[in-house]
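This report concerns only the one structure given below.
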Amino acid sequence: MVSDTRPQQEYHPEGNAGDQVAGHGDAIAWDQGGAAFGITVGRFGKEPQHELAQSDAYLMDPSLDDERVVFTRISAAGVGIYQAGDKGQGAVKKLVDTPDADETEPVTENGALAYISTTADGEQDVMLLRADGTTVNVTPDAGTKASRLAMKNGTIAWAGGDGTYLYVYDIATGKTQSKRITGFLFNWISDIQLTSDRVFYRTSGGFLIPSTTIGSTPAADVTQMKNLTYPKSLYVAQFSVSDEYFAYSTYDIWGALGAWNGPTKVKVSTTADVLAGLNNFSLASCSSGSQLAPSLGDGQRIVWLDTTAAATDVVTRGTFAGTCD
């Protein structure tokens with residue numbers, strides 16, 4: 001394997017980056033990790049980065065749209081959702097932080113905000129704060145449980161119940177669909193991502209061996225849920241998907257069990273080929289380290305966590321490497 005010589009930019013946060021990277025358009029945000037518990041924001045191909053941090057609070061779980069970055073803020077006073085405008089370059093301001101609930105898992109799109117509100121009795125409601133300032137409780141029934149929130153193109157999706165049900169909500173019609181995953185005795189939904197018309201979801205679990213499966217369904221009809229043919233043989237896998245491309249990284253079975261069997265690599269294909277059941281994956285980068293937590297931006301823009309420099313760095317590139325021969 002040769003070193004990656006195509007255009008690429010590395011961001012080196014102080015210490016190691018956290019385990020979450022979010023990309024949107026030309027913007028990137030990631031958890032700082034370590035003891036900092038702040039958020040770093042940057043833009044593809046541009047420097048410097050901007051640090052969002054407060055001495056009396058933890059900032060985490062960033063989400064981006066064209067105008068702002070939103071995130072969870074945890075302090076002694078409570079847990080709420082805050083924002084920084086200008087794609088994270090602006091000042092930190094409160095969005096939702098009520099005294100009788102904890103607000104977490106924010107997702108922003110076109111000025112709207114979806115989040116989970118957890119009350120003292122353990123109920124977890126999916127809330128929608130519209131761009132006009134009105135708030136809708138998407139899950140008004142008593143006893144709701146929700147996690148793994150996602151929102152895009154007028155659709156909100158989450159894992160509900162015991163984590164084995166996929167829920168999909170149409171913002172325009174107010175209609176909610178739900179369906180339980182296959183293999184629910186040993187597996188649960190651990191990630192949900194949306195394209196313009198589909199829901200992709202990751203299930204984790206397995207019996208003895210921590211396996212991963214990725215599935216998809218049309219957002220308009222969750223009865224068509226099914227697992228992808230490729231990628232397969234996934235263990236503690238992570239993925240990112242857009243209308244155009246699908247990216248993932250995974251350990252092999254030995255890595256999932258804690259053994260070292262070589263660095264993990266981010267592989268990419270077109271979303272159309274993945275949905276067609278084709279195994280047409282190529283490499284995102286030729287870096288020598290492990291590549292984790294891929295996140296797609298516009299086109300072939302991609303960001304991931306990379307260990308080549310003996311630290312966990314956030315690395316980006318504008319086009320996929322393809323091959324490393």
Out of Tyr167, Trp158, Tyr169, which residue meets the side chain to side chain contact (heavy atoms under 4.5 Å, CB included) rule with Thr139?
Trp158
When you check the side-chain N and O atoms of Thr223 and Asp221, is any donor under 3.5 Å from an acceptor?
yes
With a 4.5 Å cut-off on side-chain heavy atoms, are Tyr82 and Lys94 touching?
yes
Test salt bridge (Lys or Arg N to Asp or Glu O under 4.0 Å) on Asp162 and Arg180 and set out the steps.
CA-CA 10 Å; Asp162 60 357; Arg180 201 174 201 181; 3.1 Å; yes
Locate the shortest heavy-atom distance separating Ala101 from Thr119; write the atom from each residue and the value.
CB-CG2, 4.1 Å
Could you grab the distance from atom CD1 of Ile74 to atom CG of Asp56, nearest 0.5 Å is fine?
12.5 Å
Separation between CZ of Phe320 and OG of Ser269, rounded to the nearest 0.5 Å:
9.5 Å
So, does Gln300 use its side chain to make a donor-acceptor pair with the main chain of Thr319 at under 3.5 Å?
no
May I have the step-by-step check of side-chain contact (heavy atoms from CB on, under 4.5 Å) for Asn137 and Thr135, ending in yes or no?
CA-CA 7 Å; Asn137 185 345; Thr135 300; over 6 Å; no
Looking at every heavy atom in both Gln83 and Val70, which two are closest together, and how far apart are they?
CB-CG1, 4.0 Å
Nearest 0.5 Å, what's the CD1-OG1 distance between Ile81 and Thr104?
6.0 Å
If you measure from the Lys or Arg side-chain nitrogens to the Asp or Glu carboxylate oxygens, is any gap between Asp65 and Lys152 under 4.0 Å?
no
For residues Trp260 and Leu257: do they belong to one hydrophobic cluster (side chain heavy atoms under 4.5 Å, members Ile, Leu, Val, Met, Phe, Trp, Tyr)?
no
Just wondering, do Gln224 and Thr217 contact through their side chains at under 4.5 Å, heavy atoms?
yes
Working for side-chain contact (heavy atoms from CB on, under 4.5 Å), residues Arg68 and Leu95:
CA-CA 12 Å; Arg68 63 184 180 179; Leu95 270 175; 3.7 Å; yes
Do Tyr201 and Leu194 sit in the same hydrophobic cluster, where Ile, Leu, Val, Met, Phe, Trp and Tyr count as joined when their side-chain heavy atoms come under 4.5 Å apart?
yes
When you compare the side chain of Tyr235 with that of Trp254, does any pair of heavy atoms fall below 4.5 Å?
no
Audit row: Glu103, Met127, side-chain contact (heavy atoms from CB on, under 4.5 Å) steps and yes/no
CA-CA 9 Å; Glu103 293 85 16; Met127 309 296 292; over 6 Å; no
Judged by atom type as modelled, is there a donor-acceptor pair below 3.5 Å linking the side chain of Thr264 to the main-chain atoms of Ser249?
no
Could you check whether any side-chain heavy atom of Ile181 comes within less than 4.5 Å of a side-chain heavy atom of Ile189, counting everything from C-beta outward?
yes
Is the backbone N or O of Leu296 less than 3.5 Å from a side-chain atom of Ser240, with the two atoms forming a donor-acceptor pair by type?
yes
Leu228 side chain near Ser216 side chain, heavy-atom distance below 4.5 Å
yes
Counting distance only, does the side-chain N/O of Ser295 pair as donor-acceptor with the main-chain N or O of Val303 below 3.5 Å?
no
The reported gap from CG in Leu64 to OG1 in Thr108 (rounded to nearest 0.5 angstrom) is 8.5 Å
Backbone of Ala237 reached by a side-chain donor or acceptor of Arg202 within 3.5 Å
yes
Does any N or O in the side chain of Gln193 come within less than 3.5 Å of the main-chain N or O of Phe239, such that one atom is a donor and the other an acceptor?
yes
Minimum heavy-atom distance between Thr323 and Cys286, given as atom pair plus value:
O-SG, 3.7 Å
Can you tell me if Lys175 uses its side chain to pair, donor with acceptor, with the backbone of Val168 under 3.5 Å?
no
Tyr251 atom OH, neighbour heavy-atom count above 12 within 6.0 Å:
no
Let me check something: do Leu166 and Phe184 share a hydrophobic cluster, defined by ILVMFWY side-chain heavy atoms less than 4.5 Å apart, either directly or through other members?
yes
Taking atom types as modelled, find out whether Asn227 and Thr213 have a side-chain donor-acceptor pair closer than 3.5 angstrom.
no
Minimum heavy-atom separation for Glu123 to Gly143, with atom names?
OE1-N, 3.0 Å
Closest non-hydrogen atom pair between Leu234 and Tyr248, with its separation:
CD2-CE1, 3.8 Å
Calculate, to the nearest 0.5 Å, the distance between atoms NZ and CD belonging to Lys145 and Gln124 respectively.
5.0 Å
Is there a path from Val241 to Tyr245 through hydrophobic residues (I, L, V, M, F, W, Y) whose side chains come within less than 4.5 Å of each other?
no
Has the side chain of Thr308 got a donor or acceptor atom that lies under 3.5 Å from a matching backbone atom of Gly289?
yes
Do you know which two heavy atoms are closest between Ala112 and Met151, and how far apart they sit?
O-CE, 3.7 Å
Short side-chain to backbone donor-acceptor contact, Asp170 and Thr173, under 3.5 Å:
yes
Is there a side-chain contact between Pro294 and Ile302 in this structure, where contact means two heavy atoms from C-beta onward sitting under 4.5 Å apart?
yes
Apply side-chain contact (heavy atoms from CB on, under 4.5 Å) to the pair Val236 and Thr250, showing each step before the final yes or no.
CA-CA 6 Å; Val236 198; Thr250 185; over 6 Å; no
Determine whether Val138 and Leu129 fall in the same hydrophobic cluster, where Ile, Leu, Val, Met, Phe, Trp and Tyr are linked whenever their side-chain heavy atoms lie under 4.5 Å apart.
no
Do Thr72 and Pro106 have side chains that approach each other closer than 4.5 Å (heavy atoms only, starting at C-beta)?
yes
Are any non-hydrogen side-chain atoms of Glu105 and Val126 less than 4.5 angstrom apart?
no
Using modelled atom types only, decide if a donor and an acceptor are shared between the side chain of Asp243 and the backbone of Ser196 within a distance under 3.5 Å.
yes
Give, for atom CG of Leu113 and atom CZ of Arg130, the distance between the pair rounded to the nearest 0.5 Å.
12.5 Å
Please name the residue in the list Ile192, Ile116, Asp61 that meets the side chain to side chain contact (heavy atoms under 4.5 Å, CB included) test with Leu149.
Ile116
